[in-house]
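Residue numbering restarts at 1 for every chain, and letters A, B, ... go by the order of the sequence lines.
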Amino acid sequence: MVRLADLAQSDRDNMLKKIPTLPKFTARPWVTGAPLKARRVAIVTTAGLHTRGDRPFGAGAMDYRVIPGNAQANDLVMSHMSVNFDRTGFQQDWNVAFPLDRLRELARDGVIGSAAGYHYAFMGAVSPVTDYEGKAKELAQHLQADKVDAVLLSPV
Amino acid sequence: MLGRPFGVPNDAAFQRRVLLAALQLLTREQGPVLEDFADNAPPDTQAAPEGLSCPVNFPSVRKEGDLAQNLADECSQLQAWHALATQYRAGNTLGVTGLAPEALVQYVCAWLAGNPPAKCRADLSEGEALKHACDELRAFYTEAKAMQPGTHTTASMQHWFWRETVAGAATIALRQIAAASSDPSLKAVAVQSLVPRAVEALP
């Protein structure tokens, strides 16, 4: 959705300078799974979202917040530390960054098997991205316990 | 546009197409797959809701001099629009700091006056608390602005806030205050969390 050419020069430069910090993959793992209509799907966003009563994200936070599957738009707030992305879209419609309404519709229509019981939010923009590995593995266990077999990674 | 990976607000059909395209990548027999979504996002223009009226007049308030007083006046004039936005959307996105808009203004004004207030949350550093307060103040403004008559775009919202409002000028002033602080948490937010790079790059 976001193309480098569409960004302001300063934002484009910031993105490009992160390339050397990205992990190098030495293998190309791939697994096939159940058809989409049988999958249980969770959203993992890096939009810095959380429920109103939960702890805000702080500088350099690499932990995550739990978003109940029955959350409604007004249950969530955004405490991402970056100021370099648009928030006015989220203010009007959470689905631009966290498409839970759309996911529920796909489940209702039988396109996917179900939406997960819990979804999760990190605060992105921490570099290097490999620093998230410990929390990501912890989160994977929660997803497995919820019988999730497909994850939508939603950045901002 | 960063911040909207699923397109524009209130376009459920486009959001669904993006979501479905992403999920369908999982059905490929071979991978990994790296594939662009072919379509551009719909135009970034939002007309304010119709059929609503805000029962208050809003004269221009900016005065010479007192940034804090001008900020309080400006926020006061936006209150009715924000109340309308909250009513229209059955809620709003404020709530990180726990401060009501009036208290947010007082908090920011205290910083501007050189009398740093007590942190709005004990579980945040001074810098994080100031950053979240500034973000919430900006959210109050943009949620209110979105209700005002006319057509709004993200660019017009950004220009309005950072170039035409007292709050934008106040946030830029706070960035300088934070940068001059001896508190590392304030220095950190001054560098990267108060004013967007794209705004700083403007002449």
Minimal non-hydrogen separation, [X] against [Y], with atom names:
X: B:Gly95; Y: A:Arg52; result: CA-NH1, 3.8 Å
X: B:Leu19; Y: A:Pro99; result: CD2-O, 4.3 Å
X: B:Asp123; Y: A:Arg55; result: OD2-CG, 4.2 Å
X: A:Ala150; Y: B:Leu26; result: CB-CD1, 3.5 Å
X: B:Arg28; Y: A:Trp30; result: O-NE1, 3.2 Å
X: B:Phe37; Y: A:Arg3; result: O-NH2, 3.6 Å

Given heavy-atom pairs under 4.5 angstrom as the criterion, report whether the side chain, backbone, both or neither of [X] touches chain B.
X: A:Gln9; result: neither
X: A:Ile112; result: side chain
X: A:Pro29; result: backbone
X: A:Val111; result: side chain
X: A:Asp101; result: neither
X: A:Phe25; result: neither
X: A:Asp109; result: side chain
X: A:Ala47; result: neither

Counting heavy-atom pairs under 4.5 Å to chain A, which of [options] comes out on top?
options: B:Thr27, B:Asp36, B:Leu94, B:Thr97; result: B:Leu94
options: B:Leu23, B:Val189, B:Val33; result: B:Leu23
options: B:Ala12, B:Ala22, B:Pro32, B:Gly91; result: B:Pro32
options: B:Gln24, B:His152, B:Arg121; result: B:Arg121
options: B:Ala90, B:Ala188, B:Ser125, B:Ala146; result: B:Ala90

For the [atom1] atom on [X], are there more than 12 heavy atoms of other groups (residues, nucleotides or ligands in this structure) within a distance under 6.0 Å?
X: A:Tyr120; atom1: OH; value: yes
X: A:Glu133; atom1: CD; value: no
X: B:Lys187; atom1: NZ; value: yes

Among residues 73-97 of chain A, residues within the sub-4.5 Å heavy-atom range of chain B, in order of number, are A:Asn74, A:Val77, A:Met78, A:Ser79, A:His80, A:Met81, A:Ser82, A:Val83, A:Asn84, A:Phe85, A:Asp86, A:Arg87, A:Thr88, A:Gly89, A:Phe90, A:Gln91, A:Gln92, A:Asp93, A:Asn95, A:Val96, A:Ala97

List the steps, then state whether side-chain contact (heavy atoms from CB on, under 4.5 Å) holds for B:Phe6 with A:Leu152. CA-CA 12 Å; B:Phe6 292 87; A:Leu152 176 77; 3.7 Å; yes

**Asked** Any sub-3.5 Å donor-acceptor pair from B:His132's side-chain atoms to A:Gly58's backbone N or O?
**Response** no

message: Can you tell me which of A:Val41, A:Leu7, A:Asn14, A:Thr32 forms the most heavy-atom pairs within a distance under 4.5 Å of chain B?
response: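 The residue among A:Val41, A:Leu7, A:Asn14, A:Thr32 with the greatest pair count is A:Asn14.
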
Chain B shares the most heavy-atom pairs under 4.5 Å, among A:Ala8, A:Ala59, A:Gly53, with A:Ala59

Given a strict heavy-atom distance threshold of 4.5 Å, which part of B:Gln192 is in contact with chain A: side chain, backbone, both, or neither?
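Backbone of B:Gln192 only, per the 4.5 Å heavy-atom cut-off to chain A.
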
B:Ala13 versus chain A, heavy atoms under 4.5 Å apart: side chain, backbone, both or neither?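 Contact with chain A is absent: no heavy atom of B:Ala13 under 4.5 Å.
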
Worksheet item: Is any side-chain heavy atom of B:Leu124 closer than 4.5 Å to a side-chain heavy atom of A:Pro56?
Response: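 A side-chain contact exists here, since the closest heavy-atom pair is under 4.5 Å.
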
| Do B:Arg16 and A:Leu106 have side chains that get closer than 4.5 Å, going by heavy atoms? | yes

